Undergrad: 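Structure in structure tokens, see below.
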Amino acid sequence: MAMQERYEPKTFEAKWQKRWDEAGVFLAGRRPKAPEKYVLEMLPYPSGQMHMGHVRNYLIGEVYARYYWLRGFDVIHPMGWDAFGLPAENAAIKDGVHPAIRTRENIASFKSTLQSLGFSYDWTREIATCDPEYYRWNQWFFLKLLARDMVYRRFSKVNWCTSCLTVIANEQVKEGTCERCGSPVIEKEMPEWAFRITRYSDRLLQALDELREWPERITTMQRNWIGRSEGTEADFAVKGTRDSVRIFTTRIDTIFGCNAVVLAPDHKLVPKITAPAQRAEVERFSARMASLHGVERIADAAEKEGVFTGAYAINPLSKEEVPIWIANFVLVEYGTGAVMSVPAHDQRDFEFARKYRLPIKVVVQPKDGPKLPAGSELSAAFTDDGVLSDSGEFSGLESAEARRRMTAALEGRGLGKGTVTYRQKDWGFSRQRYWGTPIPIVYCEKCDPSGNGIPLREDQLPVLLPDIDVHAVLTGKGEPPLAKVPSFVNTTCPRCGGPARREVETMDTFVDSSWYYARYLSPHYELAPFDPAQARRWLPVDIYIGGPEHAVMHLLYFRFWTRLMKEMGLTPMDEPVQRLVTQGIVNGPDGRKMSKRWGNVIAPTPLVEKFGADTARTYVLFAGPPERDIDWSDDQVEGANRFLKRVWTLAFQYQSKVAGAKHDGTAEPAALQIRRAAHKCLKRVGEAIERLSFNTAIAGIMEFVNALYLVERVQTAAERAAMAEAIHILTIVLSPFAPHLSEEISEAYGHSQLVADRPWPKYDPALVVDEVLPYAVQVNGKLRTEIRVAAESGEAEVRAAAEADEKVRSSLAGKSVRKVVFVPKRLINFVAS
RNA sequence: GCACGAGUGGCGGAAUCGGUAUACGCAGCGGACUUAAAAUCCGCUGGUCCUAAAAGGGCCGUAUGGGUUCAAGUCCCAUCUCGUGCACCA
């Protein structure tokens with residue numbers, strides 16, 4: 001079939017998409033004996049409009065997946081939809097469109113856009129988390145985890161809008177008011193369901209060391225998030241009572257410098273210990289702190305404020321009496337909600353002591369250097385470790401040793417212990433939302449008078465999300481939406497069969513995304529969330545690609561869930577993902593983040609219309625390395641399109657002349673030159689793709705095409721065969737990037753087999769080494785000239801050739817060579833004086 | 001404040017293990033083709049100095065200042081700027 005002269009991608013891109021689909025070339029599992037690759041991109045939330053940032057994310061996995069298919073692997077490259085969630089529900093409150101309808105439309109739009117770009121997904125494995133077929137397994141996991149005591153009910157602070165009378169999300173709180181109605185938002189204690197992820201804090205932290213193919217900044221963020229700190233808890237007896245205050249500190253070595261004990265304003269001992277004379281002031285302060293929204297209390301951070309309670313505590317080691325204060329900077333939810341204040345060795349305590357004129361006592365001296373002045377003379381806290389002074393029997397010890405001995409002393413007297421504290425909290429996962437997975441719990445007054453909740457039996461799953469009258473139920477006000485649906489709420493108790501009420505909260509969508517990667521392996525499996533045999537074959541995921549904004553929450557939950565699944569015997573490994581890639585943002589042409597507000601959003605569809613899918617793909621991948629942000633550039637898009645046109649024109653020009661040409665005779669120099677370029681390209685592109693350097697892979701193909709344009713003569717049988725081979729190699733190396741163009745050319749050259757189903761040729765090692773190499777010649781490290789010598793030359797020959805060079809001779813004139821540094825294949829350096 | 005990452009031509013970027021800095025693309029300039037333009041193809045393109053110019057050559061140059069080394073964009077120390085994340089965490 002003759003090619004037409006012009007490159008018109010519109011005339012053939014859809015054809016190839018159909019052919020790939022019909023041939024089933026991207027169906028995972030079609031090479032059961034081959035080694036496997038699991039290529040996964042974070043599943044998208046299908047919002048209204050797909051933009052190029054999504055496309056970039058998926059293209060990284062796309063090229064990788066297509067490459068490994070060519071390399072003979074069995075590849076799974078699935079796509080699905082994170083279909084539950086807040087935006088669809090908020091939109092429904094606004095315009096009354098049922099979230100299910102909107103979500104279905106958005107999915108259809110996303111899917112057709114992805115298909116128009118020629119993505120190699122195995123669509124037979126598509127999942128949507130809002131399908132009962134999927135979310136019933138969230139419910140199944142919930143029941144299993146409840147049985148393993150990994151789920152519990154607790155009270156927790158939520159944002160409560162005083163006008164909507166409902167819980168709102170953090171991102172809906174704007175400067176302490178509700179984004180929707182502008183009314184004040186307060187913190188309110190509400191019951192919620194939580195997973196005991198903190199039982200795994202230590203394991204999740206330790207295993208980060210093993211994740212060598214994760215970006216360091218992601219593992220660092222997870223470390224900080226988990227926030228492990230080793231310290232000591234110590235009991236300060238409250239003078240004149242039987243109570244004691246338990247404090248947490250990482251610097252027990254400074255305890256002899258303690259001038260006060262400071263409690264959180266909402267610490268439970270506060271009302272009990274406050275002296276009558278101080279009561280009014282303490283209550284006023286506590287009330288003011290409670291009325292502040294959490295965000296404001298932190299925003300006000302600079303100013304440290306506190307109030308004396310009138311009570312005194314006894315230092316368990318020094319036996320000194322110190323006052324008990326309450327202060328805004330102590331948080332009830334961290335550590336024990338109480339600290340010892342040591343102003344000489346903690347900057348925050350220092351500022352506090354200055355403000356309220358509390359005594360400052362130095363008890364740690366620098367190991368070397370001058371001694372610290374008396375506490376009253378200090379200008380800032382000394383927070384480093386050092387040597388203890390004025391610390392009774394512990395004086396003279398170094399800080400680390402003192403911490404061990406003091407902790408042991410406290411333990412011995414039953415007044416404390418060494419502990420580990422984590423910043424990470426348990427994962428509260430219940431939401432007062434409609435558009436999520438119903439929690440399979442009922443409340444029965446007869447069987448469960450305390451309202452702990454009765455789990456359903458597995459055979460009662462799934463609890464289906466009821467259809468609703470959107471206007472009546474999704475109001476954004478009052479009770480949770482499901483509470484307004486009597487047919488859902490009213491049910492029977494699984495124990496006594498009497499009347500009962502269903503749990504009306506739904507699950508956080510992070511539950512959906514914690515295990516979806518395993519569901520792709522057997523998306524219609526009915527006995528369990530997925531088939532463990534498939535898990536053994538495909539897991540862990542080889543490469544996982546997504547935005548760095550998911551560094552902590554999603555990726556920690558995802559790791560946590562993987563451990564749970566292993567303990568349930570479902571999966572073989574501790575960690576879900578071998579290699580993690582976090583891709584950069586695609587900014588608008590103005591360098592600002594794409595957003596409707598700036599009107600700088602670039603959508604894929606018009607681009608595909610104008611230039612074709614292959615240009616869109618090639619541009620995005622050529623623009624920069626995957627992890628870096630890029631600014632959209634229309635000029636560079638034109639450049640990518642020009643390159644593909646050049647490929648087309650090249651193929652067009654040689655089609656009638658070389659298609660099908662074969663020759664295996666002796667290598668003629670002109671033919672050899674073409675073959676060298678082709679095989680070097682093959683090597684370079686393969687290596688670049690493996691290290692995800694797609695921009696240099698494309699640069700390598702461009703250089704190859706440029707070289708083919710400079711070929712002057714293609715006449716002999718050997719030359720024609722070399723050109724035919726070169727164009728064949730070109731279609732292969734180009735196919736992960738511009739697959740439609742590759743197929744079209746390949747077909748025109750008489751190949752009936754799809755490029756997507758052909759092997760990546762092995763490069764010929766003999767063709768990728770040069771016969772003559774350029775050597776840099778340096779004198780004292782400065783470049784003087786470049787010489788060309790036979791590739792197999794050793795140091796002596798290169799040196800002789802270099803010394804024969806005119807410029808080198810003049811540079812060395814009058815000097816004696818003291819040393820010669822020879823780097824094979826690169827350079828020779830004369831060190832002379 | 002703490003942690004992490006980045007800083008290379010007019011622009012996007014390349015340099016994989018310490019070994020010829022600026023590959024490839026964009027923009028710009030020149031040429032070919034054309035009545036002309038566009039498109040296409042070919043070539044040039046870091047700064048500065050020597051020279052009328054060319055050829056040729058010298059010096060400087062990867063945020064800044066030091067250091068290690070025969071050799072530094074790359075390693076070490078300090079500083080500046082930008083980005084991201086976390087933040088009264090005891």
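Just so we're on the same page: letters track the sequence lines, and every chain starts at 1. Everything numeric in this text was worked out from a predicted model, so none of it was measured.
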Undergrad: Sequence neighbours left out, what passes ring-ring contact (aromatic ring centres under 6.0 Å, His included) with A:Phe622? Give chain and number order.
TA: none
Undergrad: So if I take every side-chain heavy atom of A:Asp635 and compare against B:rC26, B:rU40, B:rC4, which nucleotide ends up nearest?
TA: B:rC26
Undergrad: Need to verify one output field. Residue with the more 5' nearest nucleotide on RNA chain B, A:Gly337 or A:Ala776?
TA: A:Ala776
Undergrad: When you look at A:Ser735 and A:Tyr67, which way does the side chain to side chain contact (heavy atoms under 4.5 Å, CB included) test go after all the steps?
TA: CA-CA 8 Å; A:Ser735 68; A:Tyr67 174 75; over 6 Å; no
Undergrad: Taking side-chain contact (heavy atoms from CB on, under 4.5 Å) as the test, write out the residues that go with A:Lys355, two or more places apart.
TA: A:Glu303, A:Glu305
Undergrad: Applying side-chain contact (heavy atoms from CB on, under 4.5 Å), name anything that partners A:Pro774, two or more places apart in sequence or on another chain.
TA: A:Glu786, A:Arg788
Undergrad: Show me the protein contacts with nucleotides 66-73 of chain B, counting only N or O atoms at under 3.5 Å.
TA:
from: B:rC70; atom 1: O2'; to: A:Asn829; atom 2: ND2; distance (Å): 3.4
from: B:rC70; atom 1: O2; to: A:Asn829; atom 2: ND2; distance (Å): 2.6

Undergrad: Hey, are A:Arg809 and A:Glu806 close enough for a salt bridge, meaning a charged N less than 4.0 Å from a carboxylate O?
TA: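 Yes, this pair counts.
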Undergrad: Shorter than 3.5 Å, N or O on both sides, protein versus nucleotides 47-49 of chain B: list them out with atom names.
TA:
none

Undergrad: Counting only side-chain heavy atoms from C-beta out, which of B:rA27, B:rC88, B:rA90 sits nearest to A:Arg642?
TA: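 Nearest listed nucleotide: B:rA27.
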Undergrad: Quick one: list whatever passes side-chain contact (heavy atoms from CB on, under 4.5 Å) with A:Glu795, sequence neighbours left out.
TA: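 Only A:Val820, A:Phe822 meet the side-chain contact (heavy atoms from CB on, under 4.5 Å) criterion with A:Glu795.
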Undergrad: Can you figure out which of B:rC42, B:rU20, B:rC4 approaches the side chain of A:Glu216 most closely?
TA: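 It is B:rC4.
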Undergrad: Measure from the side-chain heavy atoms of A:Arg348 and tell me the nearest of B:rU20, B:rC88, B:rU40.
TA: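 Per side-chain heavy atoms of A:Arg348, the pick is B:rC88.
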Undergrad: Could you tell me whether A:Trp325 and A:Tyr356 have their ring centroids closer than 6.0 angstrom?
TA: yes
Undergrad: Tell me every residue that passes side-chain contact (heavy atoms from CB on, under 4.5 Å) with A:Val581, counting only those two or more places apart in sequence or in another chain.
TA: A:Ile543, A:Ile545, A:Leu692
Undergrad: By nearest atom, which of the nucleotides B:rC89, B:rC88, B:rG12 is closest to the A:Arg423 side chain?
TA: B:rC89
Undergrad: What is the distance, rounded to the nearest whole Å, between atom CZ of A:Phe694 and atom P of B:rG25?
TA: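 Going from A:Phe694 (CZ) to B:rG25 (P), I get 20 Å.
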Undergrad: Distance-only criterion, 3.5 Å: show the donor-acceptor pairs between side-chain atoms of residues 4-11 of chain A and protein atoms not counting sequence neighbours.
TA:
from: A:Gln4; atom 1: NE2; to: A:Glu8; atom 2: OE1; distance (Å): 3.4
from: A:Arg6; atom 1: NE; to: A:Glu8; atom 2: OE2; distance (Å): 3.3
from: A:Thr11; atom 1: OG1; to: A:Glu8; atom 2: O; distance (Å): 2.6

Undergrad: Is the distance between the ring centroids of A:Trp648 and A:Phe643 less than 6.0 Å?
TA: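 No, the ring of A:Trp648 stays outside the 6.0 Å limit from the ring of A:Phe643, centre to centre.
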Undergrad: Give me the residues of residues 617-628 of chain A where at least one heavy atom lies under 4.0 Å from an atom of RNA chain B, by number, or none.
TA: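 Heavy-atom cutoff 4.0 Å gives A:Phe622, A:Ala623, A:Pro625, A:Arg628.
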Undergrad: Atom CG of A:Leu208 to atom P of B:rA3: distance rounded to whole Å?
TA: 18 Å
Undergrad: Counting only side-chain heavy atoms from C-beta out, which of B:rA15, B:rG25, B:rA90 sits nearest to A:Thr696?
TA: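 Nucleotide nearest to A:Thr696's side chain: B:rA15.
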Undergrad: Quick check for you: among B:rA39, B:rU20, B:rA90, whose closest atom lies nearest to any side-chain atom of A:Arg826?
TA: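 Among the listed nucleotides, the one closest to the side chain of A:Arg826 is B:rU20.
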Undergrad: Would you kindly give the CZ-to-C1' distance between A:Phe643 and B:rC24, to the nearest whole Å?
TA: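 Spelled out: CZ on A:Phe643 to C1' on B:rC24 is 10 Å.
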Undergrad: For RNA chain B, what are the stems built from at least three Watson-Crick or G-U pairs in a row, each pair having both distances below 3.5 Å?
TA: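 Output for stems: B:1-7 with B:80-86, B:10-12 with B:24-26, B:28-32 with B:40-44, B:46-50 with B:56-60, B:63-67 with B:75-79.
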Undergrad: So if I take residues 700-708 of chain A and measure heavy-atom distances to RNA chain B, which residues fall below 4.0 Å?
TA: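 Output list: A:Met702, A:Glu703, A:Asn706.
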Undergrad: Just the rounded figure in Å: distance from P of B:rC89 to CD1 of A:Ile247.
TA: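 In whole Å, B:rC89 P and A:Ile247 CD1 are 15 Å from each other.
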Undergrad: Who passes ring-ring contact (aromatic ring centres under 6.0 Å, His included) against A:Phe611, sequence neighbours left out?
TA: none
Undergrad: Would you indicate what A:Arg223 reaches in the nucleic acid, counting non-hydrogen atoms under 4.0 angstrom: base, sugar-phosphate, or nothing?
TA: nothing
Undergrad: Has A:Arg784 got a side-chain N or O lying under 4.0 Å from the OP1 or OP2 atom of B:rG58?
TA: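 It does, given that an N or O in the side chain of A:Arg784 lies less than 4.0 Å from OP1 or OP2 of B:rG58.
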Undergrad: Among B:rG85, B:rG57, B:rC41, which nucleotide sits nearest the side chain of A:Met221?
TA: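 The answer is B:rG85, which lies nearest to the side chain.
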Undergrad: Can you check whether A:Lys782 has a side-chain N or O nearer than 4.0 Å to OP1 or OP2 of B:rC60?
TA: yes
Undergrad: Between atom CZ in A:Phe350 and atom C1' in B:rA90, what is the gap in whole Å?
TA: 17 Å
Undergrad: Below the 4.0 Å mark, does B:rA15 have OP1 or OP2 next to a side-chain nitrogen or oxygen of A:Arg691?
TA: yes
Undergrad: In Å, rounded to the nearest 0.5 Å, how long is the span from OG1 of A:Thr254 to CG of A:Asp346?
TA: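 So the gap between those two atoms works out to 8.0 Å.
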Undergrad: Taking the basic N atoms (NZ, or NE/NH1/NH2) and the acidic carboxylate oxygens, is any pair closer than 4.0 Å for A:Glu797 and A:Arg799?
TA: no
Undergrad: Can you tell me, in whole Å, how much space there is between the C1' of B:rC29 and that of B:rC77?
TA: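 It comes out at 45 Å once rounded to the nearest Å.
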Undergrad: Measure from OH on A:Tyr7 to C1' on B:rU40 and round the result to the nearest Å.
TA: 17 Å
Undergrad: Nearest to the A:Glu786 side chain among B:rU20, B:rA14, B:rA90, which nucleotide is it?
TA: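 Nucleotide nearest to A:Glu786's side chain: B:rU20.
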Undergrad: Take the protein atom CG of A:Asp634 and the nucleotide atom P of B:rG12, then report the distance between them rounded to whole Å.
TA: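 Nearest whole value for this atom pair: 16 Å.
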Undergrad: Reading RNA chain B from 5' onward, which residue's closest nucleotide shows up sooner: A:Asp629 or A:Glu687?
TA: A:Asp629
Undergrad: Could you work out which one of B:rA39, B:rC89, B:rU20 sits closest to the side chain of A:Leu783?
TA: B:rU20
Undergrad: Is the Lys NZ or Arg CZ of A:Arg646 less than 6.0 Å from the centre of A:Tyr709's six-membered ring, within 45° of the axis?
TA: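 Yes, a cation-pi geometry holds between A:Arg646 and A:Tyr709.
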Undergrad: What's the CZ-P distance between A:Arg646 and B:rA39, to the nearest Å?
TA: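 Distance check: A:Arg646 CZ to B:rA39 P gives 15 Å.
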Undergrad: Does A:Asp770 come within less than 4.0 Å of A:Lys680, counting only side-chain N to carboxylate O?
TA: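 Between A:Lys680 and A:Asp770 there is a salt bridge, with a charged N closer than 4.0 Å to a carboxylate O.
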Undergrad: Do the side chains of A:Asp385 and A:Arg251 get close enough for a salt bridge, i.e. N-O under 4.0 angstrom?
TA: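 Looking at A:Arg251 together with A:Asp385, the answer is yes, because their closest N to O distance falls below 4.0 Å.
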